[in-house]
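Here's the structure, in structure tokens; my notes come after.
We name chains A, B, ... by the order of the sequence lines, and we start the count at 1 in each one.
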Amino acid sequence: MAVKVYSTPTCPYCTMAKKFLKENNVTFQDIDVSKDRQQAMEMVTKSGQRGVPVIDFNGQIIVGFDKSRLTHLISH
Amino acid sequence: MDNEAKIEEMNAFHKKIHENGKAAVVLFYSNNCPPCDVFEPVFDKYSMGYSKDINFLSFNIKDIPVVSERLMVRSMPTVIFMKAGEEACSRLSGYIEPSDLKEKIENVLGGICPKESRKKVTADVVIIGAGPAGLSAALYTARARLYTIVIDRAMPGGQVATTFTIENYAGTKGSITGPELVENMVGQVEEQGAELVELNEITEVDFSGKLKHVVSEDTDYYAKAVIIATGAQPRPLPVEKEEEYRGRGLHYCATCDGALYQDADIIVVGGGNSAVEEAVNLTKFARKVTLINRSDGFSATKSGQKKFFDNPKTDVIWNTEVRELKGEMFIDRVILENNKTGEKSEMAVDGIFTLIGMIPRTELFKGHVNIDENGYILTNENMETDIPGIYACGDVRRKYVRQIANAVGDGAIAAIFAEKYISSEDE
């Protein structure tokens with residue numbers, strides 16, 4: 001399983017999403033898009049938008065902190 | 001604690017609760033917990049009556065931190081029912097009714113445990129919203145030794161959590177970042193024993209009974225008093241395709257998404273404190289920040305304006321409103337209209353941050369408390385709504401000034417009157 005979280009350090013919804021994943025024992029790669037431009041571009045390409053957080057959950061792209069969608073993906 | 005010690009604590013716990021193969025009623029409690037003190041004699045009484053059939057055990061959570069964490073024991077006290085190593089029935093927590101405990105024990109023993117996935121928690125005070133108003137209220141009620149639960153749909157902090165810096169709140173060393181202020185407030189509130197529940201959306205309320213009922217996605221909360229501190233959310237930009245372009249160039253949280261606009265040309269819509277301050281903050285990333293203001297002056301403070309005008313990367317267009325958003329996948333230009341001359345113009349932009357005020361989050365309370373035509377809750381100066389035992393504080397109330405300073409003040413007042421109400425009702 002590969003999970004990537006594209007985030008910025010100042011975004012509370014990003015913190016929330018990361019906390020939620022940790023609580024559910026999901027290991028993920030945390031990408032700070034304010035520091036890494038190439039990854040920021042990757043995030044924009046993948047999600048078609050520029051808002052954070054974006055979560056790449058095994059190739060499924062989730063924009064924003066969508067708890068119910070994440071719960072669904074974690075349990076399946 | 002190393003892994004082995006963790007496993008050892010879990011194993012010891014399981015061994016202990018199922019000694020002699022019986023099912024178990026397990027009580028988790030903590031120090032400084034008023035409902036725990038109330039519940040202890042009840043637990044002891046039932047343990048005498050039922051101990052032949054079921055094991056009764058109680059633990060201070062500080063002695064079994066690993067187990068408490070694994071079982072996600074958050075409210076104090078919590079009673080968990082265990083059968084053959086698995087949790088059975090649903091748990092009880094907060095102020096637990098003796099009759100509820102009896103019913104659950106009977107159900108576990110009878111093997112007829114209705115599958116309830118919902119939890120039930122009874123508290124003294126439930127506070128809805130964990131922004132400055134809600135947290136300040138919690139600080140006061142918790143210090144009054146009232147069992148307080150603060151519930152937030154997202155993370156604590158409300159609008160403060162997404163503010164870069166705050167320079168107009170007393171008691172900081174000149175300025176403080178939003179997240180830092182939130183962290184301080186949360187720490188203080190938890191230290192006093194209030195319980196914070198994050199990421200829990202309230203779906204329904206019923207204020208008609210003596211015990212108020214607050215329904216969240218997974219829990220039924222009951223409380224003697226409820227403090228509404230749900231705050232406000234950003235007012236959407238009044239243009240067509242607003243929703244379509246959200247995140248695709250149109251943003252409401254500069255703190256969150258500003259970093260995605262490195263070297264970009266962006267506009268900020270608004271003219272108040274938030275707009276002017278965030279415009280300056282966005283210059284950390286953007287090449288140029290143009291403020292679009294619908295009148296010919298800012299309503300922001302003088303010091304905020306000075307920072308704005310002193311910054312070489314900022315600019316302003318007066319008497320102008322955004323009429324249209326354009327662009328394939330992302331916004332790449334906007335149509336502006338001068339509201340004095342009616343003249344329209346096109347401007348190339350990479351992104352728009354809209355900071356044109358807030359609208360109250362009161363949808364849930366319509367028909368339950370008095371709300372004005374703009375959606376704000378009506379209270380008197382004691383933060384009392386028209387329903388006894390229900391209070392509102394912070395940005396959600398009708399008032400003229402909406403600052404962190406008076407949100408915190410509102411919260412303190414609401415808490416003090418909630419405390420008075422509870423003690424008079426308890427008599």
Side-chain angles (χ1 to χ4, degrees), chain A residues 4-57 60-75, chain B residues 69-70 72 74 130-131 152-165 177-180 182-183 186 198-201 217-218 243-264 266 278 281-282 284-285 327-331 350-353:
Chain A
K4 270 186 180 182
V5 179
Y6 298 89
S7 65
T8 60
T10 45
C11 140
Y13 284 94
C14 304
T15 314
M16 209 148 67
K18 287 185 261 183
K19 193 169 169 188
F20 183 77
L21 290 174
K22 272 185 205 147
E23 274 175 7
N24 285 280
N25 297 319
V26 176
T27 43
F28 58 87
Q29 191 190 347
D30 185 10
I31 297 158
D32 181 352
V33 290
S34 69
K35 294 229 172 67
D36 190 331
R37 279 215 197 180
Q38 208 180 330
Q39 296 270 26
M41 280 321 294
E42 184 183 291
M43 179 198 104
V44 174
T45 316
K46 272 186 184 173
S47 69
Q49 57 87 57
R50 290 176 118 140
V52 280
V54 167
I55 301 167
D56 179 343
F57 201 104
Q60 303 244 32
I61 306 300
I62 306 164
V63 177
F65 174 48
D66 184 340
K67 189 171 144 194
S68 55
R69 182 118 184 264
L70 274 178
T71 309
H72 179 83
L73 287 173
I74 290 167
S75 60
Chain B
E69 182 58 36
R70 289 275 167 89
M72 294 206 282
R74 299 270 152 79
D152 199 281
R153 49 181 286 282
M155 293 272 282
Q159 296 164 56
V160 177
T162 57
T163 305
F164 270 116
T165 52
T177 70
E180 225 178 314
V182 173
E183 200 188 311
V186 168
E198 301 166 350
L199 295 177
N200 214 315
E201 188 99 42
E217 53 198 66
D218 61 3
E243 242 171 277
E244 208 176 293
Y245 281 116
R246 273 191 196 188
R248 300 175 192 277
L250 178 61
H251 300 264
Y252 293 92
C253 178
T255 318
C256 306
D257 303 331
L260 273 303
Y261 289 87
Q262 312 265 3
D263 295 328
I266 55 184
E278 298 295 351
N281 285 322
L282 284 166
K284 285 182 203 153
F285 312 109
E328 266 309 281
M329 182 71 165
F330 293 95
I331 294 174
D350 298 308
I352 304 174
F353 287 83

Note, A:T8 side chain near B:L260 side chain (heavy atom, < 4.5 Å)
yes
Surrounding CD of B:E69 (heavy atoms of other residues, nucleotides or ligands, distance under 6.0 Å), is the total greater than 12?
no
What part of A:M43 gets closer than 4.5 Å to chain B, counting heavy atoms only: side chain, backbone, both or neither?
side chain
Can you tell whether the side chains of B:E198 and A:K19 come within less than 4.0 Å, N to carboxylate O?
yes
Any idea which heavy atoms bring B:A161 and A:P12 closest together, and the distance?
O-CG, 3.8 Å
Is it the side chain or the backbone of B:E217 that comes within 4.5 Å of chain A heavy atoms, both, or neither?
side chain
I would like to know whether B:M72 and A:E23 meet side chain to side chain contact (heavy atoms under 4.5 Å, CB included); could you show each step before the answer?
CA-CA 10 Å; B:M72 294 206 282; A:E23 274 175 7; 5.9 Å; no
With a 4.5 Å heavy-atom cut-off (strictly below), which parts of residues 29-38 of chain A touch chain B? List them by number.
A:V33, A:S34, A:R37
Counting distance only, does the side-chain N/O of A:T10 pair as donor-acceptor with the main-chain N or O of B:T255 below 3.5 Å?
yes
Just wondering, are more than 12 heavy atoms of other shown residues or ligands nearer than 6.0 Å to CD in B:E183?
no
To the nearest 0.5 Å, tell me how far B:H251 NE2 sits from A:Q49 CD.
7.5 Å
Scored by heavy-atom pairs under 4.5 Å with chain B, the best of A:G48, A:A40, A:S47 is A:G48
Kindly determine whether A:R50 and B:D257 satisfy side chain to side chain contact (heavy atoms under 4.5 Å, CB included), including the steps that lead there.
CA-CA 7 Å; A:R50 290 176 118 140; B:D257 303 331; over 6 Å; no
Other residues, nucleotides and ligands only: do more than 12 of their heavy atoms fall within 6.0 Å of OH on A:Y13?
no
Highest number of heavy-atom pairs under 4.5 Å with chain A among B:F164, B:Y261, B:Y245 belongs to B:Y261
